[in-house]
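I have placed the structure first, in the form of C-alpha cells, so that the comments after it can refer back to it.
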Amino acid sequence: MRVLFATGNQNKVTEASGILSPLGFVVEQLLIGGQVPDLVEPQAEGIEEIAISKLEQAVSLIMGTEFENEALLVEDSGLFIYSLSGFPGPYSSFVQETIGLSGVLSLMSGEKDRGAEFRAVAALSFQGNIMTSTGICRGSISEKISGDSGFGYDPIFIPEETNGRTCAQLSPDEKSLISHRSFALKGVSELLNLPSK
Ligand code: ITT
C-alpha cells in the first residue's frame, strides 16, 4: 500500500520509508504538480494540533486530484528539554533555523539536568478517517555536537539506549529501532491494519 508523506523534509521521508517498507508500505513524498505543497504550520501549543492542522490542509489539497483516495501522512516532531520547560518543543524548526544547535548548547551551558525527549505525532488520513499516534524517544542533551549522520538535532541528542552516542553517531537502522518517528509511524500503521468495523 502506498502512503503519501506531506513533508518538506527529505530526511523524514527516507526514515519513514526505512521504518514502514518492512511492514509492506511504500512511502513517497507528496508532490502536487511536481512541488512540495506549502502547508502552514499553526502557532499551536502542541505538536498533535500542528500535525492534524497540516493533515487537514493536505487532505483539502489532494481533493479532486489523482491522490484523492490514497493514504496521506503528516508527522510533526520536536525536541523537548526538561530543564527548559519543554523548549523548543513546537518551535523546534524555528529554533534550529535561528540559534541552531550551538545556540541550544549555549542555553544548556552549566546545566546539570540535561534530560530531554524527542516526540513525534504521526497523523494519517485514509478513506475519510484520521488516525494519530505519538512516539517518544527519551535521552539527554550532549555537551558538544557529535556525529554526522541523521539530521536536525541528532548531533546533540543522546538516547537512553545508546551508551552515550548521539543519534548522529547511529546507523539509520539503529536510530529506527528507538526513534520517536519509528514508534509514531508503527502506531499509525497498526491502526491502518485494524479490520474495519
Ligand atoms: P515538515 O514539517 O515539512 O515535515 P520539518 O523538518 O519542519 O519538516 P518538524 O517540524 O516535524 O519537521 O521538525 C521540527 C524540528 O525537529 C526540525 O528542526 C527537525 O529538524 C527536528 N527533528 C525532527 N525529527 C528529528 C529527528 O529524528 N532527529 C533530529 N531532529 C529532528
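Both ligands and their constituent atoms are indexed starting at 1 by order of listing. Worth knowing before you read on, the calculation uses all heavy atoms, side chains too, and leaves out hydrogens, waters and symmetry mates.
- For the pair R2 and F25, the cation does not sit on the ring face, since its NZ or CZ is not both under 6.0 Å from the ring centre and inside 45° of the axis.
- Near K175, the atoms of ligand 1 lying under 4.0 angstrom from a non-hydrogen atom of the residue are 26 (C), 27 (O), 28 (N).
- Expressed to the nearest 0.5 Å, how far CD of E117 lies from CD1 of I136 amounts to 4.5 Å.
- Residue-to-ligand polar distances keep F118 apart from ligand 1: every N/O pair is separated by 3.5 Å or more.
- Nearest protein neighbour of atom 3 (O) of ligand 1, counting heavy atoms only, is G8 N, 2.8 Å.
- Ranking the protein heavy atoms by distance from atom 7 (O) of ligand 1 puts S93 OG, 3.0 Å first.
- Here the closest heavy-atom approach between residue P37 and residue L30 is recorded as CD-O, 3.3 Å.
- When the heavy atoms of H180, Q96, R119, R181 are ranked by distance to atom 18 (O) of ligand 1, first place goes to Q96.
- Proximity of F157 to ligand 1, defined as any heavy-atom pair under 4.0 Å, is not found for any part of the residue.
- Here the protein heavy atom with the shortest distance to atom 21 (C) of ligand 1 is Y153 CD1, 3.8 Å.
- Taking CG of L185 as the start and CG of L192 as the end, the distance is 11.5 Å to the nearest 0.5 Å.
- In terms of protein heavy-atom proximity, atom 13 (O) of ligand 1 is nearest to S77 O, 3.6 Å.
- Comparing K12, K54, Q10 by heavy-atom distance to atom 12 (O) of ligand 1, the nearest is K12.
- Summarising the geometry, atom CD1 belonging to I32 is positioned 5.0 Å from atom CG belonging to L61; distances are rounded to the nearest 0.5 Å.
- At least one heavy atom of D154 sits less than 4.0 Å from an atom of ligand 1.
- To the nearest 0.5 angstrom, L101 atom CG is 13.0 Å from F157 atom CZ.
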Show every donor-acceptor pair shorter than 3.5 Å between a side-chain atom in residues 3-12 and any protein atom, with sequence neighbours excluded, or say none if there are none.
| residue | atom | partner | partner atom | Å |
| --- | --- | --- | --- | --- |
| T7 | OG1 | N9 | N | 2.9 |
| N9 | OD1 | N11 | N | 2.9 |
| N9 | OD1 | N11 | ND2 | 3.4 |
| N9 | OD1 | K12 | N | 3.3 |
| K12 | NZ | E75 | O | 2.9 |

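- For E15, the salt bridge (charged side-chain N to carboxylate O under 4.0 Å, His left out) test picks out K175, R181, with sequence neighbours left out.
- Within the 4.0 Å heavy-atom shell around ligand 1 one does not find C167.
- The protein non-hydrogen atom at the shortest distance from atom 22 (N) of ligand 1 is F151 CE1, 3.9 Å.
- With hydrophobic clusters built from ILVMFWY side chains whose heavy atoms lie under 4.5 angstrom apart, I81 shares a cluster with L107.
- Taking SG from C137 and CG from L79, the interatomic distance works out to 10.0 Å, rounded to the nearest 0.5 Å.
- Neither the backbone nor the side chain of E97 has a heavy atom within less than 4.0 Å of ligand 1.
- The distance from ligand 1 to the heavy atoms of S92 drops below 4.0 Å at these ligand atoms: 14 (C), 15 (C), 16 (O), 18 (O).
- Taking atom 6 (O) of ligand 1 as the reference point, the nearest protein heavy-atom neighbour is N9 ND2, 2.9 Å.
- Below 4.0 Å from some heavy atom of T7 lie the following atoms of ligand 1, by number and element: 1 (P), 3 (O), 4 (O), 8 (O).
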